[in-house]
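This report refers to the structure that appears directly beneath it.
Sequence lines set the chain letters: A, B, ... in the order given, protein chains first and strands last, and positions in each chain run from 1. All of these numbers come straight from a predicted model, not from anything done at the bench.
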Amino acid sequence: MSPARVRFAPSPTGYLHIGGVRTALFNWLWARSVGGAFVLRIEDTDQERSTPESVKIILDSMKWLGLTWDEGPDVGGAHGPYFQMQRLAIYKDFSEKLITNKKAYRCFCTKEELDVQRAAVKERDPKAQFRYPGTCRDRANQPDKPFVVRFRMPDGGSVKYIDRVFGEIVTPNGAQQDFVLVRSDGVPLYNFGAVVDDLTMGITLVARGRDHMVNTPPQILIYEALDVAPPEFAHLPMMLAPSGEKLSKRHGAVSVTEYRDQGYSPEAVLNYLARFGWSHGDQEVFSRDELVAAFNWEACGKGDGKFDTKKFLAIQHEHLKSERLTSTKRYAESVVPFLDQRGLANITTDRVEAIVPGVRERATTFVEAANGMDFFFRDPPEMDQKAVQKFLTPESASKLDALHALYAGVELWTEAELDHRTHAWLEAQNLQIKDVAQPARVALTGRSASPGLYLVLFLLGKERALKRLAESAMLARGNGS
RNA sequence: GGCCCCAUCGUCUAGCGGUUAGGACACUGGCCUCUCACGCCGGUAACACGGGUUCGAGUCCCGUUGGGGUCACCA
């Protein structure tokens, strides 16, 4: 058995779509789990829409997700080049061979002529589908005319293959037509380019979205015409929008960069996508390594699914809550850019690391995390006016003064000590923590919701804590007058 | 319309002839509690329909219905 080689072959016509990521992920997981190779190929034969910027976005997105490729742009490899527009000579060789073997032929029909025929068919029967009539099948060469290369579709028979997830698929050849392999400018069309590349790159399994399932029979026919064995195929069920329509911008974020910018963890993105159409018993949460270890085609489902933002967020939350899944160090590194975005520049990761445990279970994204720890880094903190009005009342001022006095006398500034001293004081005053917690919280954080009081005090440090209590006491006195 | 594919809670899914049809998200009742969260306990909720096969079908076969994909010198 030759080692598995799989590929992801996006066309650089925009951002990397979340559906594309899932295709890439399943290929990547398979390659990693069996020790095979993951090839990245750029299908840039649509010169109208392909751009170098898109190539960069796609590569950046793949890197952010950690979907590393063994061969492809940046890293090279033995089967390059990995941009289709740099492989034109290879396609030419193969198309010549097919023409010589009469498996394909030059078609001199112009687009205009075909458009006329198409319109005529439409007029006769609006529901009828135009199929190329084979005009040039046996036409003599027209040396001065441009031509496309068409595949000579077998008259009868059918294509049968075993899909790794859908099982046996049979498609009659009669349902197909003499499709175009190569444009008049010598650039191959999708089916031909993909086959030649998969063949010359030694791809052993082609895994792609179910929307490509219709391309598989013609591709297999090309392999047969070339007299080589086709690779295996695996099609993935569609990921649809909650409405059941095709997933698009109208239904929220579909571009990977958007999720990155919204503060998602790349591993959480992979986790959600992996569990979409694939399962492993009752397990919902996976690290990257766990996915690699558990992945297999047999556990892939066949039914299309609907994208669920809430569940995605829940998985995301699981990853941020867990030290195992997102180490404090990585968490901090991920939050820093978002702090920077809030105008909190030059915050070092070790300062953030100290705060992470207090924020973990409260933040679903790194954006929320940055928001949740904002007051630790901003002096003075932003004061939420609603919270100020509600809790920093004139009556609370004396309590804040008392706390200030209490904490001013604390030498051992630890969470446990602050807890202990506070409760001793409360008891002496015949008060309960809830009598002072909210004013204190607003005083220290500017907000009505925060991590635990003693942790906040501790992390703030004695000096800043006292300063905030004092300033808020003044603010409270003036409040309501 | 042709060809292809699919069908278990609202959603993602487990199930691979015999289950009180399980889990997760969401929703919801409660507990915990200095806030917000987290956590814990509980609840509502599904085998699209009709025929077969079988002692026995969510599981196998056929049909119906419903949904999806695709029909380019796009990928």
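The ring pair (Phe, Tyr, Trp, His ring centres under 6.0 Å) search around A/Phe233 returns A/Tyr161, not counting sequence neighbours. Take A/Phe8 and apply the ring pair (Phe, Tyr, Trp, His ring centres under 6.0 Å) test, not counting sequence neighbours, and it matches no residue. With sequence neighbours excluded, the residues forming a side-chain hydrogen bond (donor to acceptor under 3.5 Å, both in side chains) with A/Lys56 are A/Asp60, listed by chain and number. A/Arg464 meets the salt bridge (charged side-chain N to carboxylate O under 4.0 Å, His left out) test with A/Asp379; sequence neighbours excluded. For A/Arg275, the side-chain hydrogen bond (donor to acceptor under 3.5 Å, both in side chains) partners two or more places apart in sequence, or in a different chain, are A/Glu284. Among residues two or more places apart in sequence or in another chain, the side-chain hydrogen bond (donor to acceptor under 3.5 Å, both in side chains) test is passed with A/Ser255 by A/Thr257.
Checking B/rG63 for Watson-Crick or G-U wobble geometry (two distances, each under 3.5 Å) identifies B/rC49 as its partner. Remark: B/rU54 base-pairs with no nucleotide in the shown strands. Criterion, Watson-Crick or G-U wobble with two distances under 3.5 Å. The partner of B/rA21 cannot be assigned: no Watson-Crick or G-U wobble pair with both contacts below 3.5 Å exists in any strand. B/rG2 is paired with B/rU70 under the Watson-Crick or G-U wobble criterion, all donor-acceptor distances under 3.5 Å. In this entry B/rG42 has B/rU28 as its Watson-Crick or G-U wobble partner, both defining distances falling under 3.5 Å.
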Please list each protein N or O that sits under 3.5 Å from an N or O in nucleotides 44-47 of chain B, with the distance.
none

Considering only nitrogen or oxygen atoms on both sides, find all protein atoms under 3.5 Å from nucleotides 25-28 of chain B and state each distance.
residue : atom : partner  : partner atom : Å
B/rC25  : O2'  : A/Lys311 : N            : 3.4

Below 3.5 Å between N/O atoms, which protein atoms pair up with nucleotides 48-50 of chain B? Just atom names and distances, please.
none

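For the atom pair A/Gln176 CD and A/Ser158 OG, the distance stands at 10.5 Å (nearest 0.5 Å). We find the CZ-CG distance between A/Phe192 and A/Leu189 to be 10.5 Å, quoted to the nearest 0.5 Å. Distance check, rounded to the nearest 0.5 Å: CG of A/Asp419 to CD1 of A/Ile433 gives 8.0 Å. Distance CZ/A/Arg152 to CG/A/Asp178: 7.5 Å, rounded to 0.5 Å. Interatomic distance, A/Trp278 CH2 to A/Leu273 CG, rounded to the nearest 0.5 Å: 12.5 Å. Atom CG of residue A/Asp211 and atom CE of residue A/Met238 lie 4.0 Å apart, to the nearest 0.5 angstrom.
Here A/Val170 lies in heavy-atom contact (under 4.0 Å) with sugar-phosphate atoms only. Within 4.0 Å of A/Ile315, counting heavy atoms only, lies no atom of the nucleic acid at all.
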For nucleotides 65-75 of chain B, read 5' to 3', which letter fits each nucleotide if B means a protein heavy atom sits under 4.0 Å from the base, S means only the sugar-phosphate is that close, and - means neither? ---BSSSSBBB
Base contacts versus sugar-phosphate-only contacts with protein, heavy atoms under 4.0 Å: please encode nucleotides 31-36 of chain B as B, S and - from 5' to 3'. ---BBB
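Protein atom NZ of A/Lys122 is 10 Å distant from nucleotide atom C1' of B/rG1, rounded to whole Å. Between A/Leu455 atom CG and B/rC38 atom P there is a gap of 17 Å when expressed in whole angstrom units.
Salt bridge A/Glu290/A/Arg324: present, at least one basic N to carboxylate O contact under 4.0 Å.
In the interface, the side chain of A/Glu284 is paired with the base of B/rG23 through a donor and an acceptor atom under 3.5 Å apart.
Nearer the 5' end of RNA chain B, as judged by each residue's closest nucleotide, is the contact made by A/Gln283, out of A/Gln283 and A/Glu361. For the pair A/Glu168 and A/Gly305, both in contact range of RNA chain B, the more 5′-proximal nearest nucleotide belongs to A/Glu168.
Geometric assessment of A/Arg106 against the ring of A/Phe147 yields a positive cation-pi assignment under the 6.0 Å and 45° thresholds.
The environment of A/Asp125 atom CG is dense: over 12 non-hydrogen atoms of other residues, nucleotides or ligands sit within 6.0 angstrom. By the neighbour-count criterion of 12 heavy atoms within 6.0 Å, atom NE2 of A/His420 is sparsely surrounded, having that number or fewer from other residues, nucleotides or ligands.
Phosphate proximity of B/rC3 to A/Thr171: absent, as no side-chain N or O sits under 4.0 Å from OP1 or OP2.
B/rU70 and B/rA75: their P atoms are spaced 15 Å apart (whole Å). To the nearest whole angstrom, the two P atoms, one in B/rC36 and one in B/rG50, are 50 Å apart.
Pairs of residues two or more places apart, or lying in two chains, that qualify as side chain to side chain donor-acceptor pair (under 3.5 Å) and include a residue from residues 163-175 of chain A are A/Asp163-A/His235, A/Arg164-A/Glu232.
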